[in-house]
> 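Take this structure, written in structure tokens, and hold onto it; I'll ask about it next.
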Amino acid sequence: MSPPARLHRRTVLEGAGALGVATLAGRPVAAQSENPEPSIPADPADLETFVDGLMAAHLEAHDVAGATVSVVGGGETLLAKGYGYADVASEIPVSAEETLFRIGSVSKLFGWTGVMQGVERGDLDLGTDVNAYLEDVTVPEAYDEPITLEHLGTHTPGFEDRYRGTFVEEREELRPLGEVLADEQPARVRPPGELAAYSNYGAALAGHIVASQYGESFEEYVRENLFAPLGMERSTFEQPVPDDLSEDLSGGYRYEDGSFREGGFEYVGLPPAGSMSATATDMARFMLAHLEGGEFDGGRVLESGTVEEMHRRRFAHDERVNGICYGFYELDRNGERIIGHGGDTELFHSGLLVLPDRDLGLFVSYNSPGGVRAREELIEAFVDRYVGEPDPPSEPAGAPTRTEMLAGSYRAIRMPYTTYEKAGALTATLDVRVEDDALVTEGPGAGIDRWIEVEPLVFEREDGKDTLVFREEDGDITHLFFGSVPATAFERLEWYETTVPQTAAIGLSLLVLLTAVVGWSGAGFWRRYRRGAPGSERPRIARWTAGLASTLCLGFVLGLGVLVLTDPIRLITGTPTALIALLVLPVLAAIATLGTAAFCVLAWRDGYWGLLGRLHYTLVTLACLVFLAVLRYWNLLGFNL
């Protein structure tokens with residue numbers, strides 16, 4: 001499931017970040033539009049025609065095999081319809097009533113609703129240390145402040161991100177939730193409540209707490225306390241889905257070489273974070289419950305006051321951008337209250353949003369990677385039609401103020417900090433610059449956007465559909481926040497942390513090391529061919545030592561490249577034995593580099609070789625040191641598993 005690094009599995013149940021639904025989140029609540037308020041879809045036929053047209057265009061344009069949609073309003077389902085195919089080979093069409101889709105991180109809303117049920121019953125308290133509710137998992141003490149359910153529900157516990165364990169490749173690799181939470185616990189890297197960083201682990205921990213409180217598995221708890229009261233008979237968190245539902249589960253499809261190819265079932269190692277499968281009509285029931293004060297068709301899951309508590313803003317990085325409710329995040333635009341959640345696996349892409357003041361909700365799910373773009377376009381068109389398009393900001397009088405303070409590179413704090421997985425964020429930087437009196441942002445997967453300054457350190461995207469705010473601390477710009485990404489912050493990087501210096505350091509170092517391996521090896525073979533004298537002992541050992549360090553560094557890069565190309569999924573779902581073996585090489589290289597540095601000193605003291613030879617040896621020594629420093633920054637020097 002960024003923009004954090006675009007890893008396989010959609011950056012591991014992305015849920016928030018560079019999601020399609022994020023394109024909605026433009027102006028904060030305080031902003032108002034002069035557009036007349038459109039009416040809600042009163043005519044189901046008109047709504048169906050509108051959605052039909054969009055889906056037909058989007059499925060073809062974005063190579064999507066099938067999709068399912070439901071729209072609710074006024075206490076009833078206004079539209080529930082399937083599009084395209086659930087099974088391409090057998091030409092089985094999608095049915096909104098029958099076909100189950102994997103909904104990714106939209107699943108989290110059920111766990112958060114379960115937590116609020118526990119609060120309502122008096123069994124859970126949002127302000128209590130989570131360790132008070134845990135027996136098989138212990139969250140370590142840090143920062144003199146405990147993590148609470150309030151922090152988990154607003155993605156502010158201060159955990160680093162962790163890819164490993166979120167997905168697994170095979171059914172046999174699934175483990176009890178408590179065991180996974182204990183074994184794959186991310187480090188605490190910042191004080192709780194300070195900044196939001198979307199956390200699959202935090203959501204899974206909350207789901208485990210509520211289920212454990214009642215002595216059940218998470219799957220059992222949701223089935224009895226949410227699915228049953230709402231009549232959601234075609235929904236499940238089980239993996240794979242039960243036999244009575246399996247025939248109606250949509251396949252997930254990649255479009256390759258002009259045809260759709262079915263992928264395998266995607267197993268989620270942290271079920272509360274995203275293992276749910278559901279029909280569009282079942283999701284309509286869930287939306288209606290949240291819109292109708294916690295009750296649908298006689299089944300109540302929450303009291304109306306609890307629903308209001310769950311839907312209110314509970315955290316925001318800045319009052320001028322959207323924030324986070326309990327589990328839901330804000331997507332407000334044009335003064336309209338909108339809350340929702342996105343969900344992404346590698347193959348399925350979903351979105352849910354509700355407009356409480358209009359009593360309106362939308363759910364959509366796609367079974368192909370093209371659903372990322374299709375979802376963006378559907379939801380944006382839906383909101384434009386039933387909320388209204390935003391007013392673009394006025395053109396600025398001049399260039400943004402304090403330009404030199406704002407320009408630079410930023411990185412989402414939703415990333416691993418202490419494990420080798422940190423390397424996945426190598427190219428995941430967001431660049432900020434000023435062009436032609438406008439602020440410009442550019443990042444991988446995010447494209448290029450232009451921003452107009454509307455007040456100091458506050459910008460609106462030129463189409464009026466997003467807000468950007470910079471944080472200043474002690475005279476320095478430290479973070480930036482997007483209205484479209486309320487569940488993560490972006491921290492400013494030092495120059496040496498940015499992509500260009502890092503990749504340049506790696507590339508130049510490897511080039512120098514290659515000259516040592518190839519050049520010295522060639523020179524040695526040439527001397528043997530000419531039957532020349534082998535040379536004095538110390539200079540020969542010095543070159544062997546530097547050559548060994550160089551070879552180990554080059555071998556590590558080559559091996560890592562092969563591993564990434566041949567088994568990228570395994571790097572996310574677990575720790576391959578091959579990676580552990582590879583991590584031995586930098587450790588040995590570091591030892592050899594120490595010897596190389598010592599010989600470098602001796603070379604200059606004792607006059608090994610000529611001047612050019614000593615300069616080259618020094619350059620090789622520096623290349624080893626720089627390369628190892630880069631590896632250390634990315635947690636690849638040592639066994640940071």
> Do K108 and N200 pass the side-chain hydrogen bond (donor to acceptor under 3.5 Å, both in side chains) test, and can you show the C-alpha distance, the side-chain angles, and the key distance before you say yes or no?
CA-CA 9 Å; K108 291 179 173 69; N200 287 307; 2.7 Å; yes
> Tell me which pairs pass side-chain hydrogen bond (donor to acceptor under 3.5 Å, both in side chains) where either residue lies in residues 293-308, with sequence neighbours left out.
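For residues 293-308, and leaving out neighbouring residues, the side-chain hydrogen bond (donor to acceptor under 3.5 Å, both in side chains) pairs sorted by first residue read E120-T306.
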> After noting the C-alpha distance and the side-chain angles of Y366 and V364, does the key distance pass the side chain to side chain contact (heavy atoms under 4.5 Å, CB included) rule?
CA-CA 7 Å; Y366 302 84; V364 63; 3.4 Å; yes
> Would you mind telling me which of V106, I103, V268 makes a side-chain contact (heavy atoms from CB on, under 4.5 Å) with M276?
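Answer after filtering V106, I103, V268: I103.
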> Mind checking whether F315 and H317 have parallel, tilted or perpendicular rings, split at 30° and 60°?
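The arrangement is perpendicular - the two ring planes meet at more than 60°.
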> Can you name the side chain to side chain donor-acceptor pair (under 3.5 Å) partners of E292, sequence neighbours left out?
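With neighbours one apart ignored, the set is empty.
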> Between H155 and Y198 (judged by ring centroids, cut-off 6.0 Å), do the two rings come close enough to count as a pair?
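Yes - the distance between ring centres of H155 and Y198 falls below the 6.0 Å cut-off.
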> Does the distance from a Lys or Arg side-chain N to an Asp or Glu carboxylate O, for R223 and E238, drop under 4.0 Å?
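Result for this pair is yes, salt bridge flagged.
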> Going through the checks in order, is the side chain to side chain contact (heavy atoms under 4.5 Å, CB included) test met by Q185 and Y201?
CA-CA 8 Å; Q185 186 171 120; Y201 183 90; 3.3 Å; yes
> Within a radius of less than 6.0 Å around CG of D244, do more than 12 heavy atoms belonging to other residues, nucleotides or ligands occur?
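Yes, CG of D244 has more than 12 neighbouring heavy atoms, counting only those of other groups under 6.0 Å.
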> Which label fits F482 and F490: parallel for a plane angle under 30°, tilted from 30 to 60°, or perpendicular past 60°?
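The arrangement is perpendicular - the two ring planes meet at more than 60°.
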> As an exercise, state the distance from CZ of F265 to CD of Q239, rounded to the nearest 0.5 Å.
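Here the interatomic distance stands at 5.0 Å.
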> Can you sort out the partners of R234 under side chain to side chain contact (heavy atoms under 4.5 Å, CB included), two or more places apart, ordered by chain and number?
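Checked R234 against side chain to side chain contact (heavy atoms under 4.5 Å, CB included); matches are E98, L100, L245, D248, T279, D282.
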> Go through the structure and list residues passing side chain to side chain donor-acceptor pair (under 3.5 Å) with S368, not counting sequence neighbours.
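So S368 forms no side chain to side chain donor-acceptor pair (under 3.5 Å) with any residue.
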> With side chain to side chain contact (heavy atoms under 4.5 Å, CB included) as the test, would you mind laying out the steps for F481 and V485 before giving the verdict?
CA-CA 7 Å; F481 314 114; V485 194; over 6 Å; no
> If you measure from CZ on F227 to CD on E233, what distance do you get to the nearest 0.5 Å?
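Going from the CZ atom of F227 to the CD atom of E233 covers 12.0 Å.
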> Okay, side chain of N635, backbone of Y417: is any donor-acceptor separation there less than 3.5 Å?
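Yes, because the side chain of N635 sits within donor-acceptor range (under 3.5 Å) of the backbone of Y417.
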> Rounded to the nearest 0.5 Å, how far does CZ of R492 lie from OG1 of T478?
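So the gap between those two atoms works out to 9.5 Å.
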> Any carboxylate oxygen within less than 4.0 angstrom of a Lys/Arg side-chain nitrogen, looking at R312 and E330?
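Between E330 and R312 there is no salt bridge, as every charged N stays at least 4.0 Å from the carboxylate O atoms.
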> So, using side chain to side chain donor-acceptor pair (under 3.5 Å) as the criterion, who are the partners of H151 when residues are at least two apart?
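Counting only residues at least two positions away or on another chain, H151 forms a side chain to side chain donor-acceptor pair (under 3.5 Å) with T148.
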> Quick one: do T345 and E266 satisfy side-chain hydrogen bond (donor to acceptor under 3.5 Å, both in side chains)? Show the steps, please.
CA-CA 8 Å; T345 67; E266 297 173 279; 2.8 Å; yes
> May I ask you to decide whether R375 forms a salt bridge with D344, counting only side-chain N to carboxylate O separations under 4.0 Å?
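Judged by the 4.0 Å cut-off on N to carboxylate O distance, R375 and D344 do form a salt bridge.
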> Assert yes or no for the condition that the ring centre distance of F237 to F218 is strictly below 6.0 Å.
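Yes.
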> Got a sec, which residues hit side chain to side chain contact (heavy atoms under 4.5 Å, CB included) with A590, two or more places apart in sequence or on another chain?
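With sequence neighbours excluded, A590 shows a side chain to side chain contact (heavy atoms under 4.5 Å, CB included) to L628, L637, given in chain and number order.
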> Identify, with sequence neighbours excluded, every residue that meets side chain to side chain contact (heavy atoms under 4.5 Å, CB included) alongside S250.
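Here the qualifying residues are A86, T99, F101, F348, N367.
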> Without swapping roles, check the side chain of S212 against the backbone of I209 for a donor-acceptor pair under 3.5 Å.
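No, the answer is negative, given that no donor and acceptor are paired below the 3.5 Å cut-off.
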> With distance as the sole criterion, is a donor-acceptor pair present between the side chains of Y633 and E497 under 3.5 Å?
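A pair is found: one side chain offers a donor N or O, the other an acceptor, under 3.5 Å apart.
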> Using only heavy-atom distances, determine whether the side chains of Y267 and E172 contain a donor-acceptor pair under 3.5 Å.
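Per modelled atom types, Y267 and E172 side chains form no pair under 3.5 Å.
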> Do the side-chain N and O atoms of S350 and H341 include a donor-acceptor pair separated by under 3.5 angstrom?
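Short answer, no.
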> Assess the pair F363 and F286: is the distance between their ring centroids shorter than 6.0 Å?
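Aromatic pair excluded; centres sit 6.0 Å or further apart.
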> Output the distance between atom OH (Y214) and atom CG (D123), rounded to the nearest 0.5 Å.
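Here the interatomic distance stands at 3.5 Å.
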> Can you confirm whether more than 12 heavy atoms, excluding those of E224, are under 6.0 Å from its CD atom?
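More than 12 heavy atoms, drawn from other residues, nucleotides or ligands, come within 6.0 Å of this atom.
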> Determine which pairs satisfy salt bridge (Lys or Arg N to Asp or Glu O under 4.0 Å) with at least one residue from residues 193-216, sequence neighbours left out, and list them in order.
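Those involving residues 193-216 do not exist here.
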> List for me each residue that meets side chain to side chain contact (heavy atoms under 4.5 Å, CB included) alongside T575, sequence neighbours excluded, and say none if there are none.
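Per chain and number, T575 pairs via side chain to side chain contact (heavy atoms under 4.5 Å, CB included) with R164, Y420, L579, I580, L641.
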> Flag the pair R570 and E169 as a salt bridge only when some basic side-chain nitrogen lies within less than 4.0 angstrom of an acidic carboxylate oxygen.
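Between E169 and R570 there is no salt bridge, as every charged N stays at least 4.0 Å from the carboxylate O atoms.
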> Does the distance from a Lys or Arg side-chain N to an Asp or Glu carboxylate O, for E160 and R414, drop under 4.0 Å?
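So E160 does not pair with R414 through a salt bridge.
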> Which pairs with one or both residues in residues 144-156 pass salt bridge (Lys or Arg N to Asp or Glu O under 4.0 Å), sequence neighbours excluded?
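Salt bridge (Lys or Arg N to Asp or Glu O under 4.0 Å) check on residues 144-156 returns E150-R314.
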> Salt bridge or not between E421 and R162? Use side-chain N to carboxylate O under 4.0 Å.
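Yes, charged N to carboxylate O under 4.0 Å.
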> Answer yes if the ring centres of Y326 and F328 are under 6.0 angstrom apart, and no otherwise.
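Y326 vs F328: aromatic centres not under 6.0 Å.
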> Report the residues that fulfil side chain to side chain donor-acceptor pair (under 3.5 Å) with T128, sequence neighbours left out, ordered by chain and then residue number.
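T128 satisfies side chain to side chain donor-acceptor pair (under 3.5 Å) with D125 once adjacent residues are dropped.
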> Quick check for you: to the nearest 0.5 Å, what is the distance between L480 atom CG and L430 atom CG?
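If I round to the nearest 0.5 Å, the distance is 6.0 Å.
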> Can you tell me how far CE of M283 sits from OG1 of T68, rounded to the nearest 0.5 angstrom?
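Result: 10.5 Å between the selected atoms.
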> Show me the side-chain donor-acceptor pairs of residues 135-142 shorter than 3.5 Å, one per line, residues at least two apart or across chains.
from: D136; atom 1: OD1; to: H208; atom 2: NE2; distance (Å): 3.1
from: D136; atom 1: OD2; to: H208; atom 2: NE2; distance (Å): 3.2

